[in-house]
Amino acid sequence: GASAYPITPEIYNVRAATHQGCDRVVFDLNGLGRVGYLVRYVPMVHADPSDQPIRVAGGAALQVTIQAPDFRESGHQPWRTPWQLGQRLVGAQTTLREVRFAGSFEYVTTFAVGVRSQRPFRVLALPDPGNHVTRVVVDIAH
């Protein structure tokens with residue numbers, strides 16, 4: 001018989017919006033499954049695996065690490081240009097200053113999130129079975 005491997009959802013989109021009381025950054029993952037993540041303030045986000053600093057606008061940097069590859073790993077979207085290290089993916093909102101790509105290595109993808117100052121935040125993993133996607137959401141208080 002064939003062996004079945006769990007499908008690792010891949011990150012295919014990053015977007016942001018301002019809501020009442022917070023800025024929301026959404027990482028869209030293609031597929032369903034438990035997604036591991038770590039979000040924390042750091043003095044400087046370093047790229048994985050090269051360790052070069054990824055500078056972001058704002059007074060504080062959130063490092064978002066998601067246990068999923070970026071979309072270039074699977075080749076599902078061959079027409080898309082892979083994200084480049086340090087590429088700005090999302091522009092300024094209210095508290096959010098920008099989101100930059102900080103590398104993808106061994107099924108872990110890192111993002112640098114620049115915010116105006118160290119504000120409280122929360123992280124949610126929201127499965128959307130109807131669309132077969134999982135969203136990792138970071139809400140940053142204004």
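Everything numeric in this text was worked out from a predicted model, so none of it was measured.
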Flag side-chain contact, heavy atom, 4.5 Å: [X] against [Y]:
X    : Y    : result
Q52  : L85  : yes
V64  : T109 : no
V113 : V56  : no
V25  : V137 : no
T134 : L126 : no

Between the side chain of [X] and the main-chain N/O of [Y], is any donor-acceptor distance below 3.5 Å?
X    : Y    : value
R97  : A60  : no
R80  : R72  : no
S104 : D70  : yes
Q63  : A61  : no
T95  : V115 : no
R119 : H142 : yes
T110 : T65  : no

Residues forming a side chain to side chain contact (heavy atoms under 4.5 Å, CB included) with H132, sequence neighbours excluded
L32

Hey, what else clusters with V42 if you join Ile, Leu, Val, Met, Phe, Trp, Tyr whenever side-chain heavy atoms sit under 4.5 Å?
V45

Cluster membership besides M44, Ile/Leu/Val/Met/Phe/Trp/Tyr side chains within less than 4.5 angstrom, sorted by chain and number, is none

Determine, using ring centers only, whether Y37 and F27 are less than 6.0 Å apart.
no

Linking I/L/V/M/F/W/Y whenever any side-chain heavy atoms sit under 4.5 Å apart, do [X] and [Y] land together?
X    : Y    : value
V26  : W83  : no
I140 : V39  : yes
V35  : V108 : no

Non-neighbouring partners of [X] that pass side-chain hydrogen bond (donor to acceptor under 3.5 Å, both in side chains), sequence neighbours left out:
X    : result
Q67  : none
R122 : D139
R15  : D28

Quick check: closest heavy atoms across [X] and [Y], and the distance to 0.1 Å?
X   : Y    : answer
P69 : P9   : CD-O, 3.3 Å
A16 : V90  : CB-CG1, 3.4 Å
I54 : A102 : CG1-CB, 3.9 Å

On the ring face of F111, is R100 found with NZ or CZ under 6.0 Å from the centre and within 45° of the axis?
no

Applying side chain to side chain contact (heavy atoms under 4.5 Å, CB included), run through V133 and L29 and close with a yes or a no.
CA-CA 6 Å; V133 298; L29 284 75; over 6 Å; no

Can you list the steps and then say if D128 with R135 is a side chain to side chain contact (heavy atoms under 4.5 Å, CB included)?
CA-CA 8 Å; D128 179 352; R135 295 185 177 93; 3.0 Å; yes

In sequence, state the C-alpha distance, the side-chain angles, and the governing distance for R40 and L38, and then conclude on side chain to side chain contact (heavy atoms under 4.5 Å, CB included).
CA-CA 7 Å; R40 62 194 175 107; L38 177 64; 3.7 Å; yes

Distance in Å, R116 CZ paired with T94 OG1, rounded so as to fall on 0.5 Å steps:
7.0 Å

When the ring planes of F121 and Y41 are compared, do they come out parallel, tilted or perpendicular, using 30° and 60° as the limits?
perpendicular

Between D23 and T18, do the side chains contain a donor N or O and an acceptor N or O under 3.5 Å apart?
yes

State whether the number of non-hydrogen atoms from other residues, nucleotides or ligands found under 6.0 Å of R34 atom CZ is greater than 12.
no

